[in-house]
Protein chains: 2
Amino acid sequence: MKERADVPQGTLALMVLKTLELMGPMHGYGVSRRIGQISGDLLAVNQGTLYPVLLKLEQEGAIVSDWGVTENNRRARFYELTRVGRKQLEVETRQWEQTAALVGRFFTVKAEDLT
Amino acid sequence: MKERADVPQGTLALMVLKTLELMGPMHGYGVSRRIGQISGDLLAVNQGTLYPVLLKLEQEGAIVSDWGVTENNRRARFYELTRVGRKQLEVETRQWEQTAALVGRFFTVKAEDLT
DNA sequence: CCACCTATATCGACCATCGATATACTGATC
DNA sequence: GATCAGTATATCGATGGTCGATATAGGTGG
């Protein structure tokens, strides 16, 4: 029973958008499985987090949804990236990279570099 | 008037611990300036965030503090890493690296890699 | 003496995420 | 044909980290 970590703060919307970009239109449950899979089963998305995020992204206009039927013949809501969503994905990607670079700087900086 | 970004969620404790490791014992105000400096003046630490974090770290035993006088002859509380704090720094560093690797995977993965 | 910088501190608010809980339908197993 | 596991959506209260505003006080330089 391996324990899977929580999603790091502030990265879930980014991962959802990226997953939709990668895979095309998907339903929420599928997105959460994909995220688990891409992470090498290292993280699990809480359902109580996922659906509010999808709702919020839709309200922002980043994604649109409509009801459909899965390959398993189950009713599900399919989400698709909009042009706004692609733009937002770009922005959030850049922000993440800056954040990562910033934190990384703390690991490489030496005391002598600082006055 | 350049605007500085907020500290990314979940990274402040790590940056505080790392700064104390780098610089040795420091007071809170100094820590916040260092963080700003190391980030290339790209981020600013909110005082209303910093002191609660220091308090929490002290309660966890990661740091200890005592009152002293700065080189400017001002009263200040100096914080120092404990052995527990060094351990915690190691753990949080590893966690951050894993997080960064995980998020990074979303940018390199291709649809064909996924079944 | 006044303005600015240093320095610590608290408070309410906000927002992302968690954990628990509920519902319903499908396919497989006994 | 009953039961169970897996699929799928959804809501709710709680938690935790950070923000923004606010308060206090002492030292330094103009």
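By convention in this document, chain letters (A, B, ...) are assigned in the order of the sequence lines, proteins followed by strands, and residues within each chain are numbered from 1.
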Choose from D/dG20, C/dT8, D/dA10 the nucleotide whose nearest atom is closest to any side-chain atom of B/Asp6. D/dG20
Has B/Lys56 got a side-chain N or O lying under 4.0 Å from the OP1 or OP2 atom of D/dG17? yes
Closer to the 5' end of DNA chain C via nearest nucleotide, is it A/Ala44 or A/Asn73? A/Ala44
Classify A/Gly30 by what it touches in the nucleic acid, base, sugar-phosphate, or nothing, heavy-atom distance under 4.0 Å. nothing
In whole angstrom, what separates A/Leu12's CG from C/dA16's P? 10 Å
Check whether A/Leu14 and A/Leu55 end up in the same hydrophobic cluster, where Ile, Leu, Val, Met, Phe, Trp and Tyr are linked by side-chain heavy atoms less than 4.5 Å apart. no
Shortest non-hydrogen contact from B/Thr19 to B/Met26? CG2-SD, 4.2 Å
Rounded to the nearest angstrom, tell me the gap between atom CG in B/Asn72 and atom C1' in C/dC4. 14 Å
Report the distance from atom CZ of B/Arg75 to atom P of D/dT24, rounded to the nearest whole Å. 15 Å
Distance test, side-chain N/O of A/Thr70 to OP1/OP2 of D/dT7, below 4.0 Å: no
Could you check whether any side-chain heavy atom of A/Glu80 comes within less than 4.5 Å of a side-chain heavy atom of A/Ile63, counting everything from C-beta outward? no
Between P of C/dT8 and CG of B/Leu50, the distance in whole Å: 8 Å
Record whether the side chain of B/Asn46 comes under 3.5 Å of the base of D/dG20 through a donor-acceptor pair of N or O atoms. yes
If you define the side chain from C-beta out and look only at heavy atoms, does anything of A/Ile38 sit under 4.5 Å from A/Leu22? yes
Among D/dT7, C/dT8, D/dT18, find the nucleotide with the atom closest to the side chain of B/Tyr51. C/dT8
Verify the contact: side-chain N or O of B/Thr49 to OP1 or OP2 of D/dG17, cut-off strictly under 4.0 Å; return yes or no. no
Distance in angstrom units between A/Asp66 CG and D/dT9 P, rounded: 12 Å
Rounded to whole angstroms, how far apart are OH on B/Tyr79 and P on C/dA7? 13 Å
Find the distance B/Gln47:CD to D/dA25:P and express it as a whole number of Å. 16 Å
Are side-chain heavy atoms of A/Ile35 and A/Leu12 found at a separation under 4.5 Å? yes
Which part of the nucleic acid, if any, lies within reach of A/Gly48 when heavy atoms closer than 4.0 Å are counted: base, sugar-phosphate only, or nothing? base
Should B/Arg74 be listed as having a side-chain N or O under 4.0 Å from OP1 or OP2 of D/dA25? no
Roughly, in whole Å, what's the span from CD in B/Gln9 to C1' in D/dG16? 9 Å
Assign A/Thr11 to base, sugar-phosphate, or nothing according to its heavy-atom contacts below 4.0 angstrom with the strands shown. sugar-phosphate
Hey, are the side chains of B/Leu89 and B/Glu21 touching, using non-hydrogen atoms and a 4.5 Å cut-off? yes
Selected nucleotide, minimal atom distance to A/Arg33 side chain, candidates C/dT6, D/dA8, D/dT9: D/dA8
Report which part of the nucleic acid A/Ser32 touches: base, sugar-phosphate, or nothing (heavy-atom distance under 4.0 Å, all strands). nothing
For A/Leu55, report the nucleic acid contact type (base, sugar-phosphate, nothing); a contact means any heavy atom under 4.0 Å. nothing
